Amino acid sequence: MAEVRTRYAPSPTGHLHIGGARTALFSYLWARKNGGSFIVRIEDTDVERNVEQAAEKQMDGLKWLGIDWDEGMEKGGPHAPYRSMERTDIYREYLEKLLKSGHAYPCYCTQEELERDREKQLAEGVAPKYVGRCRNLTPEQRAEREAEGRKPSIRFRVPQGRTIVIQDEVRGEVRFESDGIGDFIVARPDGRPTYNFAVVVDDALMEITHVVRGEEHLSNTPRQVLIYEALGFEAPVFAHASLILNPDGKKMSKRDESVIQFIDQYKELGYLPEAIVNFLALLGWAPEGDKAEEEIFSKEELVDLFSLNRVSKAPAVFDTGKLKWMNNHYIKQSSLERITALALPHLQKAGRVPKELTDEKREWVTRLVGLYQEQLDYVAQIVELSDMFFRTEVDYSDEAREVLAQEHVPEVAAAFISQIEQAEDLEPDTVKTLLKNVQKETGYKGKQLFMPVRAAVTGQTHGPDLRETISLLGADTVISRLQHYLTNRDAVISG
RNA sequence: GGCCCGUUGGUGAAGCGGUUAACACACCAGCCUUUCACGCUGGCAUGCAGGGGUUCGAAUCCCCUACGGGUCACCA
């Protein structure tokens, strides 16, 4: 059996989208699973829509996700170049072949004519397709139009009465009647190929064995199969994954704000690549047997388990809650050093931490991140979660006020202040001892002791470990907050 | 409109002719904890869009209907 070769062939119109990332991942996993090759190529035949640096952005996204390729952009390989617009000579050669064999013909219709045909068909309620005006032009007629200065586009001559059968690894056999397909353009007047033609030439020449892509390409597939035939190539196996839907069950549109759509945005927010890969893999795919009961898979496990025929035919809804849960899971699994390194830029950007860090401050930040690590859905959340550490005025919650209104609280606060003043340091263990002393001194313990301290110091009735929190806040801040409560108790309580 | 594709709980989903219809997220309750979170335990489906078949037996096979989606570009 021949080597499995798959590819990801985006057009350079923007950043790597979650849909594209999933397609790339599925292709990648399938190639790796079979010990084959994964190719990344850029399909930039539509010059008008190309965006500067978009190809690089696509590749950056793939690299960040850990999806590496064996051949293609940047890497080169036996089938270079891997960018359509650098392959124009190749397309020209195959275009000649189609023209010579009669599988394609020049079409001189103007945009206006085509537009008129289309409107007429729509008005009559027929399926819009090319009327065939230029299908059987005589050489003389062609010469006539050429003389008028018309530049022809090239159309593929779709055979009539054919049934085109597609082998789809996820949908099984899918049949199309060629009569429903009009002659379509394979090359523009300036000679640039259209997508349907370029992909076929590229996939065939690059010996792609499995074309994995989104469902939106399914209807295009019969056209491509026809080109494969006309050129004498063998068609690859196709695998059309269903679309990704937003949480409302609607098709995900570019301007949909309910879902973050681009990989670099996830990176920005502090999602971990392994979480995204894990999540994307499960978006429209599930492992077989017992493994279907698990959710957490490393890239290596995915390579081992992945199979195209287990890709779902039904559209996949992007479950943002699940993604958060999964990312949180991976954050908890990660080393504190890693999460701190990711969190630092966010804290600095928010002005919470200076750009230049002393070793001492670095250590402090690490402990701060450690305090919140297990509840981070994404790393950027550290800024809002740790807000309490950086404000001068404590922001009391309603629950905190209720606690602080209790009769015995001032006594506890005062006792704690004097304990801190006498203490040599404020390490977590010391804080523990100090609170114990307050307990002995005042007789209050448990919630009677801890809640008042937490409420006065943090303004909240819940939060991460109190000892560590107090230790990180430092003696000055803790004392001043307690003092503030004691001197402004009425104002604090009434809000 | 033609042609394709899909439809299991609040959500993601497993299931491929015979199961008490997995598992996970979310949610609720309990335990743990100075609080929250984590973790652990337990709970959570008027039966698989609706209707017809085929079969001893269907979520699983066939047909129809409804709903959702894709595509019919000199976009990919």
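Throughout, protein chains are lettered first and strands after them, A, B, ... in sequence-line order, and every chain is numbered starting at 1. If you're wondering where the values come from, they're calculated on a predicted model, not measured in any experiment. Worth knowing before you read on, the calculation uses all heavy atoms, side chains too, and leaves out hydrogens, waters and symmetry mates.
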Chemist: Got a sec, which pairs hit side-chain hydrogen bond (donor to acceptor under 3.5 Å, both in side chains) with one end in residues 445-460 of chain A, sequence neighbours left out?
Modeler: none

Chemist: List, with names and distances, any nitrogen or oxygen atoms from the protein found under 3.5 Å away from nitrogen or oxygen atoms belonging to nucleotides 3-8 of chain B.
Modeler:
from, atom 1, to, atom 2, distance (Å)
C5(B), O2', Arg171(A), NH1, 2.3

Chemist: Quickly work out the Ile331(A) CD1 to A37(B) P distance and round it to whole Å.
Modeler: 18 Å

Chemist: Check RNA chain B against residues 46-53 of chain A and give the residues with a non-hydrogen atom under 4.0 Å, in numerical order.
Modeler: Asp46(A), Arg49(A)

Chemist: Please check the phosphate of A73(B) (OP1 and OP2 only) for any side-chain N or O of Arg118(A) closer than 4.0 Å.
Modeler: yes

Chemist: Which pairs with one or both residues in residues 108-120 of chain A pass salt bridge (charged side-chain N to carboxylate O under 4.0 Å, His left out), sequence neighbours excluded?
Modeler: Glu113(A)-Arg150(A), Asp117(A)-Arg133(A)

Chemist: Rounded to whole angstroms, how far apart are CG on Asp117(A) and C1' on A73(B)?
Modeler: 14 Å

Chemist: Are His210(A) and Phe26(A), when compared by the centres of their aromatic rings, separated by less than 6.0 Å?
Modeler: no

Chemist: With pairs defined as Watson-Crick or G-U wobble and both distances under 3.5 angstrom, please note down RNA chain B as a dot-bracket string, | for pairing with another strand.
Modeler: ((((((((.[[[..)..(....]]].(((((.......))))).....[[[[[..)....]]]]])))))))....

Chemist: Within a strict 4.5 Å, meaning less than it, do heavy atoms of the His329(A) and Ile296(A) side chains meet?
Modeler: yes

Chemist: If the P atom of A37(B) is compared with that of G68(B), how far apart are they to the nearest Å?
Modeler: 40 Å

Chemist: For Tyr8(A), run the side-chain hydrogen bond (donor to acceptor under 3.5 Å, both in side chains) check against Arg41(A), Gln58(A), Arg213(A) and tell me which one passes.
Modeler: Gln58(A)

Chemist: G39(B), OP1 or OP2 - any side-chain N/O from Lys332(A) closer than 4.0 Å?
Modeler: yes

Chemist: Name all residues meeting the salt bridge (charged side-chain N to carboxylate O under 4.0 Å, His left out) criterion together with Arg467(A); count only those two or more places apart in sequence or in a different chain, and write none if there are none.
Modeler: none

Chemist: Going by salt bridge (charged side-chain N to carboxylate O under 4.0 Å, His left out), name the residues that satisfy it together with Asp44(A), two or more places apart in sequence or in a different chain.
Modeler: Arg83(A)

Chemist: Applying side-chain hydrogen bond (donor to acceptor under 3.5 Å, both in side chains), name anything that partners Asp465(A), two or more places apart in sequence or on another chain.
Modeler: none

Chemist: Could Glu468(A) and Arg367(A) be called an ion pair, given the rule that one side-chain N must be under 4.0 Å from one carboxylate O?
Modeler: yes

Chemist: Per the salt bridge (charged side-chain N to carboxylate O under 4.0 Å, His left out) rule, what does the pair list look like for residues 215-226 of chain A, sequence neighbours excluded?
Modeler: Arg171(A)-Glu215(A)

Chemist: Please walk me through it: do Arg175(A) and Glu173(A) pass salt bridge (Lys or Arg N to Asp or Glu O under 4.0 Å)?
Modeler: CA-CA 7 Å; Arg175(A) 294 161 180 277; Glu173(A) 252 182 35; 3.1 Å; yes

Chemist: Pick the C1' atom in U60(B) and in G53(B), then give their distance to the nearest Å.
Modeler: 15 Å

Chemist: Between the protein and nucleotides 40-44 of chain B, are there any N/O to N/O pairs under 3.5 Å, and if so, what are the atom names and distances?
Modeler:
none

Chemist: Please enumerate all residues that pass salt bridge (charged side-chain N to carboxylate O under 4.0 Å, His left out) together with Asp46(A), with sequence neighbours excluded.
Modeler: Arg49(A)

Chemist: Got a sec, which residues hit salt bridge (charged side-chain N to carboxylate O under 4.0 Å, His left out) with Arg192(A), two or more places apart in sequence or on another chain?
Modeler: Glu48(A), Asp190(A)

Chemist: Please classify the nucleic acid contact of Arg310(A) as base, sugar-phosphate, or nothing, using heavy-atom distances under 4.0 Å.
Modeler: base

Chemist: More 5' along RNA chain B: His329(A) or Tyr195(A), using each one's nearest nucleotide?
Modeler: His329(A)

